Each structure stands twice: as C-alpha cells, then as structure tokens.
Amino acid sequence: MFVREALRSAPMVNDVPGLRLLQVGGYWDLVRTPADIGLLAFAHLRATGATIGPVLYDKPNERLYYAIRTGNANSWNDLPVRHLSSNSWLVAPGPELMDDWFGGWCELPDDDTLTDADALRAALSHPYVVAGQEKPSGACRRQTEYEEAGR
C-alpha cells in the first residue's frame, strides 16, 4: 500500500483535521533522523539522483522520517537514527498539510516508491552530512514548487 493511499484511509488523530495515524511495519518501515542531518541527507540524495520515497518533516520535534522497505532493522545501529517497524505508529499530516509551523511532506510519491535503504545509509554517512553543516536552504520544499521552478 502506498503511503499516500494509507493516509487517505488512516484514522484521524483526536479528530484533528489533517492529522492521521499511520501504522508502520506492514508495507514500509521508517528511519527517523534528527532534522539537521536528515535534511542534509535529503539534499545529498536529491543531488545524486537517488530514488526518494515519502519523507516527512516533523518541524516541532526537529525530525525527518524516511519510508524504506521493511526488513532493514540491523543496518542502522551505528548511525544517530532510529528504525521504526512493527508495532510503531506515526502521526502524519495529510498530503495537503504543509506549513511553517508543522513542516510536512518533503516527498510523497503517488506510487509505491520507497527510499533505498543503502542510498539513505550512504547519504547519512557522507562526510558532508556527518560534519553537521548548516542545512541547505530550500532542502524541503513541496514537489509542486520544484515543478513550478521547471525541475
């Protein structure tokens, strides 16, 4: 099941419009990163042309969530990330919700595209990301903004 499709059928969180409760571990897992390195890794993935699946920016908690294929639990132990799988849940905005306070979806493909775990691991291990440099401006913009800019 696609993440976008799961969002449409997921229950609302405490009847808050736009927020949904997604179960993790059935069709995809998540890798949760601190926002500073997660945004740098996101920029690196884009720059290298890697396939990027759904990526959620949780601005209040300063985290990014990358949707990856299930079954990659052991490959994250030496990185400052958390792998979320079975018995995990994510409070996520609907595809239309992105604002300066909350954050929102940096990527939300219309299909079952997931971020390649090996490419994400390489991006998170890249010296540029590890150095913790300033996050690139505009790293997490709506896809429509890129389309309007002619990308």
Side-chain angles (χ1 to χ4, degrees), residues 2-4 6-7 10 12-14 16-25 27-70 72-110 113-149 151:
F2 312 160
V3 172
R4 187 180 291 271
L7 284 169
M12 283 193 303
V13 176
N14 294 329
V16 177
L19 290 184
R20 304 286 184 199
L21 187 60
L22 290 177
Q23 186 172 10
V24 180
Y27 299 96
W28 63 85
D29 286 354
L30 295 172
V31 173
R32 183 179 73 197
T33 71
D36 55 352
I37 67 167
L39 287 169
L40 288 170
F42 184 74
H44 179 77
L45 290 168
R46 273 212 170 129
T48 60
T51 300
I52 303 173
V55 178
L56 176 64
Y57 178 33
D58 174 359
K59 189 173 181 180
N61 293 305
E62 298 183 16
R63 296 177 176 156
L64 253 68
Y65 294 85
Y66 287 86
I68 62 168
R69 181 179 43 82
T70 58
N72 290 288
N74 294 329
S75 61
W76 307 102
N77 294 336
D78 61 336
L79 292 170
V81 303
R82 182 157 182 207
H83 178 256
L84 303 169
S85 190
S86 298
N87 300 318
S88 297
W89 295 84
L90 177 69
V91 173
E96 70 287 343
L97 183 62
M98 181 164 189
D99 60 36
D100 290 335
W101 179 83
F102 184 83
W105 293 98
C106 299
E107 291 287 331
L108 188 57
D110 289 327
T113 301
L114 298 172
T115 301
D116 179 83
D118 292 332
L120 178 57
R121 181 176 226 322
L124 290 166
S125 302
H126 192 277
Y128 175 76
V129 174
V130 173
Q133 298 178 15
E134 292 289 320
K135 64 183 173 190
S137 68
C140 186
R141 298 191 300 177
R142 287 182 192 233
Q143 184 64 30
T144 55
E145 291 179 44
Y146 283 100
E147 292 165 355
E148 289 169 4
R151 291 188 129 210

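What you see is a predicted model; the values in this text were computed from it and never measured.
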Partners passing side chain to side chain donor-acceptor pair (under 3.5 Å) against [X] (at least two apart in sequence or in another chain):
X      : value
Ser85  : Asp29
Asn14  : none
Thr113 : Asp111
Asp116 : none

[X] side chain to [Y] backbone, donor-acceptor under 3.5 Å:
X      : Y      : answer
Tyr57  : Leu39  : no
Ser125 : Ala122 : no
Tyr65  : Pro54  : no
Trp105 : Pro93  : yes

Distance, nearest 0.5 Å, that separates CG of Leu19 from CE of Met12: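 So the gap between those two atoms works out to 10.0 Å.
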Rounded to the nearest 0.5 Å, how far does CH2 of Trp28 lie from CG of Leu22?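 Those atoms lie 6.0 Å apart.
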[X] side chain near [Y] side chain, heavy-atom distance below 4.5 Å:
X      : Y      : result
Glu62  : Asp36  : no
Thr33  : Leu124 : yes
Thr51  : Thr115 : no
Tyr27  : Leu114 : no
Ser88  : Leu30  : no
Leu108 : Leu7   : yes

Please determine whether side chain to side chain contact (heavy atoms under 4.5 Å, CB included) holds for the pair Leu120 and Trp76, giving the CA-CA distance in whole Å, both sets of side-chain angles, and the decisive distance to 0.1 Å. CA-CA 10 Å; Leu120 178 57; Trp76 307 102; 3.9 Å; yes
Kindly give the heavy-atom pair with the smallest separation between Pro80 and Ile37, and that separation in Å.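 That closest heavy-atom pairing would be CG-CD1, 3.6 Å.
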Quick one: closest heavy-atom pair of Ile52 and Arg46, and the distance?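 Where Ile52 meets Arg46 most closely, the heavy atoms are CD1-CG, 3.7 Å.
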Set of residues satisfying salt bridge (charged side-chain N to carboxylate O under 4.0 Å, His left out) with respect to Arg82, sequence neighbours excluded: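 By the salt bridge (charged side-chain N to carboxylate O under 4.0 Å, His left out) rule, Arg82 matches no residue at all.
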With Asp118, which residues qualify under salt bridge (charged side-chain N to carboxylate O under 4.0 Å, His left out), at least two apart?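 Applying salt bridge (charged side-chain N to carboxylate O under 4.0 Å, His left out) to Asp118 gives none.
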What residue among Asp78, Val81, Ile68 forms side chain to side chain contact (heavy atoms under 4.5 Å, CB included) with Arg121?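 Of the listed options, the one satisfying the test is Asp78.
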Report the C-alpha separation of Leu21 and Val91 in whole Å, then their side-chain angles, then the decisive distance to 0.1 Å, and conclude whether the side chain to side chain contact (heavy atoms under 4.5 Å, CB included) test is met. CA-CA 5 Å; Leu21 187 60; Val91 173; 4.1 Å; yes
Determine whether Leu84 and Leu90 satisfy the following criterion, side chain to side chain contact (heavy atoms under 4.5 Å, CB included), listing intermediate values before the conclusion. CA-CA 9 Å; Leu84 303 169; Leu90 177 69; 5.7 Å; no
